[in-house]
Amino acid sequence: MSTLAPTPAPGAADRARLVTARTTIPVFARLKLSLLVNGLRMSSGRRAAYISSLVFTALFAALQLLGLILLRGVDHAEALVVCLTALMALGWAVMPLFFSSGDETLDPTRLVMLPLRPRPLVVALLLSSLIGIGPLFTLTLAAGSVVSVAHGGAAVAVGLVAVPLVLLVCVALARAVATANVRLLTSRKGRDLALLSGLFIAIGAQFVNLGWQKLSGEDGLESLTPAAEVLRWVPPASAIDAVWRAGEGAYGAALGQLALAAATLMLLLWWWAGSLTRLMSSPDSATLQAAEPGRRGAGEASGGLAGLLPADRTGIAALRTLRYAWRDPKSKAGWVSGLGVGILVPVVTVLQGTGSVYAACWATGLMGLQMYNQFGQDHSAFWMVTQTIATPRDAYLELRGRALALGLVALPYATLVVLGSAALTQDWAAFPEALGLTLALTGALIATGAFSSVYYAYTIPQDSGFKNVAPGQSGIATLSILGGMVAGVLICAPLIALTVWLHQAGGQDWLWTVLPLGVAYGYGVAEAGLRLAAPRAAARLPEILTAVTKG
């Protein structure tokens, strides 16, 4: 049943809505403050983290404000502030997807049982959302941006409208995104997104680094002009550019950009209100049947990926590993981070002017890390695996299945990354040798990863979304990963030496042979590593089980 109150007569509805908005705004403001204060009372660690983040943010905002003020009168300053505003709006848009658990007020399902109308609720939530560190930082950036580009009385007048408009658009955007995705964000799959925030930060940091290098070049702020030409018509950056336009005498364009930002705010509020209405009046999965009639269970399915894998222990182990990679948050974070950063590194090196087709080896290295600590990813369930391993043959099939799962993803992925690197660098002549070295390195990391999993297994804690090693086992994890990767590179040394010798001896016509040699070498090394690690794994099962469940 809908929890929305019945709609009264038109005249009375307007008065009721006005009264409701007036009464809910101070209530929600006090609620936000109470949640903040009570959250800080929970623990001294949380209190210290909040205070330190507040101090750091305030200091950074003050320095940023000072820097923007010093830009006043500098050529192309408007390009910088437009890009900064657009980047800040992007941050507001994605923040709820990764850090929704950090603010309880982002979950409107807590208000479903209250007799509240969506429109007054939107107003109250919007205004109460202005309390916090994020809005303060946004307000500082918007104000500094206006100061840096406002010249003349008209620009100042437009700036007085632009600053609150930018703040409201950013906050409304975050709220609308959070409400539209609240069912996802409060589910298990939604919480997995928080584990991917590291990848988002890593990619964002690389783009910020590239942007800083562009600004440090000869063109300086002028290098941002092409991007600003596009972003100046993207709200809320359009509101900041309207200030500069007004100072230049382009009053029509300034009015249009302000109107665009205001219209965007109205659309966001409309989308937000619609999402709230559906959320507060429609049933969720808790009120529906868990499964539709006639729906087959996961165990009954014989097709799909399971039908493509071998119908033996190798296929079962590979399927289990792939399901861990898809369903387990920690495994998924590791796989996605490896895939994302592996693509990012070659692209960044090309953009920096130091690109090489051999940078694709980074992709192989990061994917090869997934072979390390194979038994630790099973957590406490590894004891069930140990019950099925009685001989070295069983251990070999188990390890081979896990290696097969990695190979099904790593081999085509490495091929695509090498192809992309060759296309970006226009160095197609180096494609065969680079792919051969990459595939050989993949096999070497599979081999060393099998040994590391047997001798240096460690616990992956489940009580923390950001810790991948249990306390007291950091040394083991470091030795496992760094030692294994160094050993993998040393194993590939003969093939690397052959490639270098062919280059130095003028044997470019024979460099294509590195590709078939790399395929054969990588497969042979991986197979040898699995066969040598298998009897040791069978003999060390009790020690491995203790290590992976220690935390």
Side chain of [X], backbone of [Y]: donor and acceptor closer than 3.5 Å?
| X | Y | result |
| --- | --- | --- |
| R232 | E78 | no |
| R402 | Q374 | yes |
| S148 | S145 | yes |
| Y413 | L339 | yes |

Do [X] and [Y] have side-chain heavy atoms sitting under 4.5 Å apart?
| X | Y | result |
| --- | --- | --- |
| T140 | L68 | no |
| L126 | W272 | yes |
| L309 | L408 | yes |
| P236 | C170 | yes |

Nearest heavy-atom neighbours spanning A142 and V166 | CB-CG1, 4.1 Å

So, for A239 and L165, which heavy atoms are closest and what is the spacing to 0.1 Å?
->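 In this case the closest contact between A239 and L165 is CB-CD2, 4.4 Å.
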
State, without any angle test, whether W92 and T138 hold a side-chain donor-acceptor pair at a distance under 3.5 Å.
-> yes

Whether over 12 other heavy atoms sit under 6.0 Å from W362 CH2 |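 No, CH2 of W362 has 12 or fewer neighbouring heavy atoms, counting only those of other groups under 6.0 Å.
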
Give every donor-acceptor pair under 3.5 Å between a side-chain atom in residues 153-164 and any protein atom, sequence neighbours left out.
none

